[in-house]
Protein chains: 2
Amino acid sequence: MKQHIFLTRRSETLPTWNAAFPGASLLPYPASGSQLARPGEAVIWLHVAGDKPDPALLVQEVAGLAPGCCIVVLSNVPSDEEGLAVLEAGAVGYTNALAVPEVLRQIASVVENGGLWVGPNLLQRLIAGMATRSTQVNSSHLDKLSAREKEVALAVAGGASNKEIARRLEISERTVKAHLTAAFERLGVRDRLQLSLLINGTPQASSAPPQTLH
Amino acid sequence: MKQHIFLTRRSETLPTWNAAFPGASLLPYPASGSQLARPGEAVIWLHVAGDKPDPALLVQEVAGLAPGCCIVVLSNVPSDEEGLAVLEAGAVGYTNALAVPEVLRQIASVVENGGLWVGPNLLQRLIAGMATRSTQVNSSHLDKLSAREKEVALAVAGGASNKEIARRLEISERTVKAHLTAAFERLGVRDRLQLSLLINGTPQASSAPPQTLH
DNA sequence: ATCGCCATTGAACAAAAGGACAGTCAGGTA
DNA sequence: TACCTGACTGTCCTTTTGTTCAATGGCGAT
């Protein structure tokens, strides 16, 4: 069990923190210059309230003062954006400052074992946003389609209905469906919306760095 | 402590599973029709090997047989793509089938408390991918929507189906539709595809007919 | 306390989308 | 010529989407 340090602005400790980690230290956080803990031997619980000092910058600063330590951010007003920001800044956990002791201990055990902790809501948003773009992005998707399929696919990507496309291309609605089915198959998507995302390059996941880290 | 059920194709149990949960059940998984467990009272460990039966579909099928239960996927050949797929399908955890007992128990404790479990690698990828993208979503339109409508609209813009969104937000599919109908109305679009184009800021204008009718 | 907004859901319904199976026709190639 | 591919179409059927009508409960404002 590593040492637990709570960093907060107002030097008051929340009852839940004590309940979770009776032996933890409490420090005011503009801890200038001095080292906070022996490298890699502590879990830093960083309490942020609002965005006065940018939480992400704060995380980076604290990371400098406690190299190798896990930083978990406790937010008074949690939001997906803030969570995203601090995690990107190097925090390994993000949760509500009022989380119950069980959850705090849960988080501790996860991060102490090298894991990251993200709340279900944020996580699901991440998954939702990522899921469609993970499937093999090649930018030259349209090249995989025949001329006609391409026309139909582009119309769909522009938001047209099958009926509209049929009228526009002067073919039956049935044929539009046939071309679409072929396009879905060839591009490996399951419906017109994902086809649209693919063609419109909405994913742009190709630019996301692989990130091997830690 | 909930009941633990391991579903696997070959009816052999891995030593690590036993070590982690001595009292767990082991079942072959094409368990047709019959209910697997009392609703919400079990953790289902779904063992997948390769992609013969699509893991994501399998998750959905099992979810139907064990409503309210947590499904954790154990993969013989884990990949970010597979993880993403099963999590999107409703699984609440994804890890290597050979994970050591400590990790399995860790995962169990997380999901039993309503959390999602995603390995550090995949999670980092999600965060990295999201952080670069989250700024470019067209928020001006989203401001016209209520908090809940926004969540649904964003999921749709990411390519999710109503069923998936319902599962993700833990509401009925009917409610998803209600939020969507409201969002269409407020943003002046006629269906999910055009909503996606609007939110993702896709410049379509030229090819997409205004179409007020209906 | 009444009003309006929001979140939620049910039932029923209509329309759109998509899959399965089957078939014609034109053009190019082994 | 036999074979293949792409474009095109039909019918039948299932699933998904979206609407209409209707209702409940929470919550903040007047």
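Residue numbers start from 1 in every chain, and the chains themselves are labelled A, B, ... in the order their sequence lines are given, proteins ahead of strands.
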Per Ile171(B) side chain, nearest of listed nucleotides dT9(C), dC8(D), dT16(D): dT9(C)

Identify all pairs in which a protein N or O lies below 3.5 Å from an N or O of nucleotides 21-30 of chain C, and state each distance.
from    : atom 1 : to        : atom 2 : distance (Å)
dC21(C) : N4     : Arg174(A) : NH2    : 3.3

What is the distance from CG of Leu145(A) to P of dT5(D), rounded to the nearest Å? 17 Å

With distance as the sole test, does Arg192(B) use its side chain to make a donor-acceptor pair with the main-chain N or O of Phe184(B) at under 3.5 Å? no

Against the side chain of Ala178(B), the closest entry in dA7(D), dT8(C), dG10(D) is dT8(C)

I'd like to know if the side chain of Thr175(A) and the backbone of Ile171(A) have a donor-acceptor N/O pair within less than 3.5 Å. no

Does dT16(D) have OP1 or OP2 sitting under 4.0 Å from an N or O in the side chain of Ser161(B)? no

For the residue pair Ala42(B) and Ile5(B), what are the closest heavy atoms and their distance? CB-CD1, 4.2 Å

Ser146(B) side chain N/O closer than 4.0 Å to the phosphate oxygens (OP1, OP2) of dC5(C)? no

Pairwise 5' ranking along DNA chain C for Glu170(B) and Phe184(A), keeping only the more 5' one: Glu170(B)

Would you say the side-chain atoms of Glu170(A) pair up with the backbone N or O of Arg167(A), donor to acceptor, closer than 3.5 Å? no

Quick check on dA7(D): is either OP1 or OP2 less than 4.0 Å from any side-chain nitrogen or oxygen of Thr175(A)? no

dT15(D) P sits how many Å from Glu164(B) CD, rounded? 16 Å

Under 4.0 Å between a side-chain N/O of Lys177(A) and OP1 or OP2 of dG19(C), yes or no? no

Taking CG from Asp191(B) and P from dA16(C), how many angstroms apart are they, rounded to a whole number? 10 Å

What is the distance from CG of Leu195(B) to P of dT17(D), rounded to the nearest Å? 13 Å

Among dT8(C), dC8(D), dT19(D), the one nearest any side-chain atom of Thr181(B) is dT19(D)

Please confirm whether the shortest side-chain N or O distance from Arg186(A) to OP1 or OP2 of dT5(D) is below 4.0 Å. no

Below the 4.0 Å mark, does dT17(D) have OP1 or OP2 next to a side-chain nitrogen or oxygen of Arg192(B)? yes

Mind calculating the distance between NE2 (His179(A)) and P (dT5(D)) to the nearest angstrom? 17 Å

Measure from the ring center of Trp17(A) to the ring center of His4(A) and say whether it is less than 6.0 Å. no

Determine, stepwise, if the pair Arg186(A) / Glu149(A) fulfils salt bridge (Lys or Arg N to Asp or Glu O under 4.0 Å). CA-CA 10 Å; Arg186(A) 295 196 187 190; Glu149(A) 285 161 4; 3.6 Å; yes

Write down the distance between CD (Glu173(A)) and C1' (dT9(D)), rounded to a whole number of angstrom. 13 Å

According to a strict under-4.0 Å criterion, is Asn162(A) in side-chain N/O contact with OP1 or OP2 of dA17(C)? yes

Gap between atoms CD1 and P, on Ile165(A) and dA16(C) respectively (whole Å): 13 Å

In whole Å, what is the span from the CG atom of Leu180(B) to the P atom of dT20(D)? 15 Å

Identify the two heavy atoms, one from Asn200(A) and one from Ala157(A), that lie closest to each other, and give their separation to 0.1 Å. ND2-O, 3.1 Å

For Val176(A), is there any backbone N or O sitting under 3.5 Å from a side-chain donor or acceptor partner on Asn162(A)? no

Measure from the side-chain heavy atoms of Lys163(A) and tell me the nearest of dT19(D), dA16(C), dT8(C). dA16(C)

